[in-house]
Amino acid sequence: MFSCNTSTSGHSTFLLTGFPGLEASHHWVSIPINLICVVSILGNSIILFLINTDPALHEPMYSFLSMLAASDLGLCASTFPTMVRLFWLGVRELPFDLCAAQMFFIHAFTYVESGVLLAMAFDRFVAIRDPLHYASILTHSAMAKVGAAILVRAILLNLPGPILLRRLLFPQVSVLSHCYCLHCDLVGLACSDTQVNSLVGLVSILLSLGFDSSLIMLSYALILQTVLSIASPGERLKALNTCVSHLCIVLIFYLPKLGLSVLHRVEKHSYPALAVLMANLHFLVPPFMNPIVYCVKSKQIRQGLLKRFQQKNVNVS
């Protein structure tokens, strides 16, 4: 931590942090991380391409999946550049404006993904609770409004963060805890009073991740209630099976965040490299795993992939 004696507002430089104690091996350590990023970008791009070009996938569930893939691509685009700068080019310095912009986009895309997961939970609830009116409830117009509301909420909740940060004083040079900029990290480095910033950050988290996770749990409680009222065991299993993919990506999204929160409060200083690894994985794992989960569990996605490969083979021959 640098001294606050020469603090400035809006003109500070932030130093990215890789894996403490492994600086000499950053190139090797970063190989699996970079591979995860590349696979995430390819996987989500393929999902988006399939859903947009295959008429059989123009259904509400896959429309929400395309929103999820788009938010995952946005998250990769927000975090990947600074990882490349640090691990491959050895460039740690990041000016205040770039750091604040990255912070905004990382949190915004995270909130978008959380909102999409909530919309997908509602989609599964309607499909199981009221299948006859499913198509009339989740129309293209309704889904467009839901997508717009999710995006607007993410922007409005994150817009105050960078604006309020500009009024804070920071040392000329500050060392970040990660290889990207997060709101809590920047607030912790400030030399001036941060009560308003901390309150705004807490409110934005409660109105996004807290609100969404609560409603997702409520949705699954209602889904379970509906499923248990079905007389046939086979139909119960079939209904539950339609929720497996979504439940998996909900756990993939929320569990790493919970694990990182616990680690920061318990053993962050004892195992700094583990804390940094968890911080990287909690942003990298969901974009990496989401396409894999849906390719494995969704028959329509697999059929769409096979159709594309067959068309390519026919064109080549």
Hey, does [Y] have a side-chain heavy atom less than 4.5 Å from the side chain of [X]?
X	Y	answer
L176	L186	yes
Y180	L94	no
L50	Y62	no
F288	D72	no
H246	V250	yes
F253	L209	yes
E113	L68	yes
D97	R166	yes

Side-chain donor/acceptor of [X] to backbone N/O of [Y], under 3.5 Å:
X	Y	result
S298	C295	no
S114	T110	no
S208	I205	yes
N44	P287	yes
S12	P171	yes
H183	G161	no
R92	V175	no
N52	L48	yes
Q102	S78	yes
S198	Q195	no

same_hphob_cluster([X], [Y]) at 4.5 Å side-chain heavy-atom cutoff:
X	Y	value
Y220	L215	yes
I106	V187	yes
Y254	L202	no
M67	L156	no
F49	L42	no

By salt bridge (charged side-chain N to carboxylate O under 4.0 Å, His left out), which residues pair with R129, not counting sequence neighbours?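 Expected list: none.
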
Contacts of type salt bridge (charged side-chain N to carboxylate O under 4.0 Å, His left out), residue D212, not counting sequence neighbours: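 Here the qualifying residues are R153.
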
Looking only at heavy atoms, what is the nearest atom pair of [X] and [Y], with distance?
X	Y	result
I128	A239	CD1-O, 3.5 Å
L182	M103	C-CG, 3.9 Å
T53	H58	N-NE2, 4.5 Å
H282	P286	O-CD, 3.6 Å
P291	I47	CB-CG1, 4.0 Å
N241	K297	OD1-NZ, 3.5 Å

Distance in Å, [X] [atom1] paired with [Y] [atom2], rounded so as to fall on 0.5 Å steps:
X	Y	atom1	atom2	answer
I163	N197	CD1	CG	11.5 Å
F87	L16	CZ	CG	9.0 Å
L305	I46	CG	CD1	6.5 Å
I51	Q300	CD1	CD	11.0 Å
I292	I252	CD1	CD1	8.5 Å
D123	C243	CG	SG	9.0 Å

Going through the checks in order, is the side chain to side chain contact (heavy atoms under 4.5 Å, CB included) test met by L65 and I301? CA-CA 11 Å; L65 179 57; I301 295 287; 4.2 Å; yes

Among L117, I155, L75, I150, which one satisfies side-chain contact (heavy atoms from CB on, under 4.5 Å) with V112?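 It is I150; the other options fail the test.
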
Will you find, in the side chains of S71 and Y111, an N or O donor that is under 3.5 Å from an N or O acceptor?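 There is no such pair (donor and acceptor under 3.5 Å, judged by atom type) between the side chains of S71 and Y111.
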
Within a radius of less than 6.0 Å around CZ of F105, do more than 12 heavy atoms belonging to other residues, nucleotides or ligands occur?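 Check fails, neighbour count at 12 or below.
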
Considering residues, nucleotides and ligands other than F211, do more than 12 of their heavy atoms fall under 6.0 Å from its CZ?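 Not more than 12 within 6.0 Å, no.
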
Between E93 and V173, does a side chain to side chain contact (heavy atoms under 4.5 Å, CB included) hold up when you go through it step by step? CA-CA 9 Å; E93 297 82 8; V173 181; over 6 Å; no

Go through the structure and list residues passing ring pair (Phe, Tyr, Trp, His ring centres under 6.0 Å) with F14, not counting sequence neighbours.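 Scan of F14 (ring pair (Phe, Tyr, Trp, His ring centres under 6.0 Å), adjacent residues dropped) gives F170.
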
Yes or no on disulfide bond (SG atoms under 2.5 Å apart) for C99 and C181, after CA distance, side-chain angles and deciding distance? CA-CA 6 Å; C99 195; C181 301; 1.9 Å; yes

